[in-house]
Structures are given as C-alpha cells and as structure tokens.
Colleague: 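Quick one: structure below, then a few questions.
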Protein chains: 2
Amino acid sequence: MVSSNYGNVQSVPDRDSARPGAAVSRPLSEIKADLFKALAHPARIRALEVLSSGECSVGELQPLVGIELSHLSQQLGVLRRAGLVSSRKEGASVLYSIRDDDVIELLRVAKGLLIKSLAETTGLLSDLRASQ
Amino acid sequence: MVSSNYGNVQSVPDRDSARPGAAVSRPLSEIKADLFKALAHPARIRALEVLSSGECSVGELQPLVGIELSHLSQQLGVLRRAGLVSSRKEGASVLYSIRDDDVIELLRVAKGLLIKSLAETTGLLSDLRASQ
DNA sequence: CCATCACTTGATGGTTTCGTCAAATTATGG
DNA sequence: CCATAATTTGACGAAACCATCAAGTGATGG
C-alpha cells in the first residue's frame, strides 16, 4: 500500500493508534472499523458472551471458549487493546470483565440482525428458537 | 490449522457458508464473527453510512467513499455476500441499498460505544460539553 | 455493429491475522 | 529458595485480507 489515507484529515504520526481514544485525528470510519475488527473472531465473540455474565479469570474462560490457553490470552489481549474489556490481577490469576455494557448491547443488536436475516433466507425459525 | 472446529455442532460440507442463512449447523459465534468481519473495513463502513441515507449507484458512491472503483465494487461484493446490502440493476448502472435497518441501528450503537470510549480515555469530556 | 459507459472479475504482490509451540513472567505454597 | 500454577510474550509458518492493474461483461447510443 502506498498511501491509502482513509478519510479527510491528515494524520499525525502517532503510535498506539488502534485503541479507541488514542489518535484524535483519525477518520471515524477507521476507528469504527477497528472496533468491528476486534469483534471479528468467533473465539473473541464467545469470550465476550461469557464475560457478559460477569468477571472471569483466563483459566475459567478457557474451557468455555474452547481454544488453547496461550491463544486465548492473545485474543483477550486484542479485546483489551480495543478497549472492550479490562483486566485486573487477583493473586496469581487475572480477571477479565466487560468494560461497558454497550458492548453487550452491540452483541444483542447483532444477534437480532442475524436472526432476522437467517429467518428470511432459510425457513428455520423453529431451529433458532430451539437452540438459544 | 489442522481442525479448529469452532463450536459444538459438526458441520456438513457446505458451499456458500459465509452468507447468513447459508449453513444451518455453524456455531452462532462464527456467524456473528462473519458479520463483524464484513464491517471491519473503513471503506465498507463509509459505504454503509452513505447508503443509510438511501439507494445509490456504484458511480455515485465512489467519490463519497473515496476508493478506486474496482476496489469499491469488490467491497460492495463483500457487503452483499454478507447479506448487509442488496443490489439491483437499472439500465447500465447498479443500485445498492441497505437490506435491513437493523444494520443502521448496529452502526448507531457502535458509534455510541466509541464516543463514550473516546470521551473516557482521552480527557476531552470538556470538548464534548463545549461543542454544545 | 462498434464505441462507450458502468461495473465486475481475475490475477497478483504486500500486509495482517491465526494458531501452535516454546520460553519468560509473576505469584503461592512448602 | 524451589516447585508449581496462572498467564503472557515471542517466534514462525499458514491462511486470509487488502489494494492495484488488466481484462471481461452487459446495456445504450450513434
């Protein structure tokens, strides 16, 4: 890529420009895209869904999310850098939690959209109601 | 990767498994992730934002989204395959439109989350208060 | 027909993300 | 201290994604 300067504003050379709240002058569309990018992985979605019912350590998360531990840690890092979760230490373990309930709301809206969409294209409303 | 079978359900060998409504037995977390993946690009976000104020041809979209035409066409393809937009032909041109208003709602919630997040991390609550 | 406009598709390097493994870090218990 | 448990970090090949260019398709007008 030579120079795809997304948006109108010229950007200051700034590090850490993936965190929301980092760069001030970055096109909003790019910041939004980064948010969605952070959500664009099944394991991260599952982690958030587990966390949406409360704080949880990495070790507790692991069997529920179903990926290897170090991989999980990395994915949690992605979520943390994106500002979606925060972590605190308690003894030897690290507890993760959702940072803002709007994240849960976002997942809820997404699910609604998906369910509507699935219902339209295939005819399996019943399946959806049955599964969750 | 040898066999990361995301989720619990074993999947039937099915083509077209990226479209919502395509595969029946695919873990919901993966389907959600695909939705977010489709949103995870600034140009696609901008395209959706333009389209949220009404149907639009590729040619009209191009200057507003600000990427090369063939690239735009490809990105619109991504949105279409994800079920977020639909397209119809009118004469020589192709008109795209948002498929479901929930998509707009999703963007709205995302924006709210981001604004809150930006306000927290950088200290510009004052800015926000100042601007109205 | 043929040229042209409006897109789409295909091919192709460059970059980013994924998933695995090994090694490093930071408490806790004996 | 030393062992062990709980996470994180680093390195690396494989896969996916991005952005550009060239070529292809399909309707419209002359």
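Letters A, B, ... mirror the listed sequences (proteins, then strands); counts begin at 1. Because the structure is predicted, anything quoted here is derived from the model rather than measured.
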Colleague: State which of C:dG19, C:dT8, C:dT17 makes the closest approach to the side chain of A:H41.
Modeller: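 Shortest atom-to-atom distance from the side chain points to C:dG19.
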Colleague: Could you measure the distance from the CG atom of B:L84 to the OH atom of B:Y96? Nearest 0.5 Å is fine.
Modeller: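 So the gap between those two atoms works out to 12.5 Å.
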Colleague: Nearest of C:dT8, D:dA6, C:dC7 to any side-chain atom of B:Y96?
Modeller: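 Out of C:dT8, D:dA6, C:dC7, the nucleotide with an atom closest to B:Y96's side chain is C:dT8.
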Colleague: Rounded to whole angstrom units, what separation is found between the NE2 atom of A:H71 and the C1' atom of C:dA23?
Modeller: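 It works out to 18 Å between those atoms.
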Colleague: Round to the nearest Å and state the distance from A:L95 atom CG to C:dT26 atom P.
Modeller: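 Taking CG of A:L95 and P of C:dT26, I get 18 Å after rounding.
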Colleague: Between B:R46 and B:E49, does the salt bridge (Lys or Arg N to Asp or Glu O under 4.0 Å) criterion hold? Intermediate values first, please.
Modeller: CA-CA 5 Å; B:R46 282 205 300 283; B:E49 282 173 343; over 6 Å; no
Colleague: Tell me the interatomic distance from B:E30, atom CD, to C:dG19, atom C1', rounded to whole angstroms.
Modeller: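 B:E30 atom CD is separated from C:dG19 atom C1' by 15 Å.
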Colleague: For the pair A:F36 and B:F36, name the ring-plane relationship: parallel under 30°, tilted 30 to 60°, perpendicular over 60°.
Modeller: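 It falls in the parallel class, under 30°.
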Colleague: So what does B:L72 hit on the nucleic acid, given a heavy-atom distance under 4.0 Å: a base, only sugar-phosphate, or nothing?
Modeller: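 B:L72: no heavy atom of the nucleic acid under 4.0 Å.
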Colleague: Within this structure, what is the CG-to-C1' distance between B:L76 and C:dT9, rounded to whole angstrom?
Modeller: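 Between C1' of C:dT9 and CG of B:L76: 14 Å.
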Colleague: Write down the distance between NZ (B:K37) and C1' (D:dC17), rounded to a whole number of angstrom.
Modeller: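 Taking atom C1' of D:dC17 as the reference, NZ of B:K37 is at 10 Å.
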Colleague: Could you tell me whether the side chain of A:Q74 has a donor or acceptor atom within less than 3.5 Å of a complementary atom in the base of C:dT17?
Modeller: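 No, the side chain and the base share no sub-3.5 Å donor-acceptor pair.
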Colleague: Quick one: CD1 on B:I98 to CD on B:E55, what's the gap to the nearest 0.5 Å?
Modeller: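 Reported to 0.5 Å precision, the distance equals 11.5 Å.
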Colleague: Regarding C:dC7, can its base be found pairing with the side chain of B:S70 as donor and acceptor, where the two atoms are less than 3.5 Å apart?
Modeller: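 A donor-acceptor contact between them is absent.
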Colleague: Taking atom P of C:dC5 as reference, at what distance in whole Å does atom CG of B:L69 sit?
Modeller: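 About 13 Å, once rounded to whole Å.
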Colleague: Of the nucleotides C:dG19, D:dT7, D:dC18, which one has an atom closest to the side chain of B:R44?
Modeller: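 So the side chain of B:R44 is nearest to D:dC18.
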Colleague: Does B:S93 make a side-chain donor-acceptor contact with the base of C:dC7, cut-off 3.5 Å?
Modeller: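 Side chain to base: no pair below 3.5 Å.
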Colleague: Out of curiosity, B:S57 OG to B:K89 NZ, how far, rounded to the nearest 0.5 Å?
Modeller: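 Spacing of OG (B:S57) from NZ (B:K89) equals 13.5 Å.
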Colleague: So which one's nearest nucleotide on DNA chain C is more toward 5', A:Q75 or A:E90?
Modeller: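 The 5'-side residue here is A:Q75.
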Colleague: Atom NZ of B:K89 and atom P of D:dG26: how far apart are they, to the nearest Å?
Modeller: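 Rounded to the whole Å, the gap is 7 Å.
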Colleague: Could you state the atom-to-atom distance from CG of A:L79 to P of D:dT7 in whole Å?
Modeller: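 Roughly 16 Å, once rounded to whole Å.
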Colleague: Starting the side chain at C-beta, find the nucleotide from C:dC7, D:dC17, C:dC18 nearest to B:V94.
Modeller: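 The nucleotide sitting nearest to the side chain is C:dC7.
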Colleague: Report the residue (B:S73 or A:E68) whose heavy-atom-nearest nucleotide on DNA chain C is the more 5′ of the two.
Modeller: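 This one resolves to B:S73.
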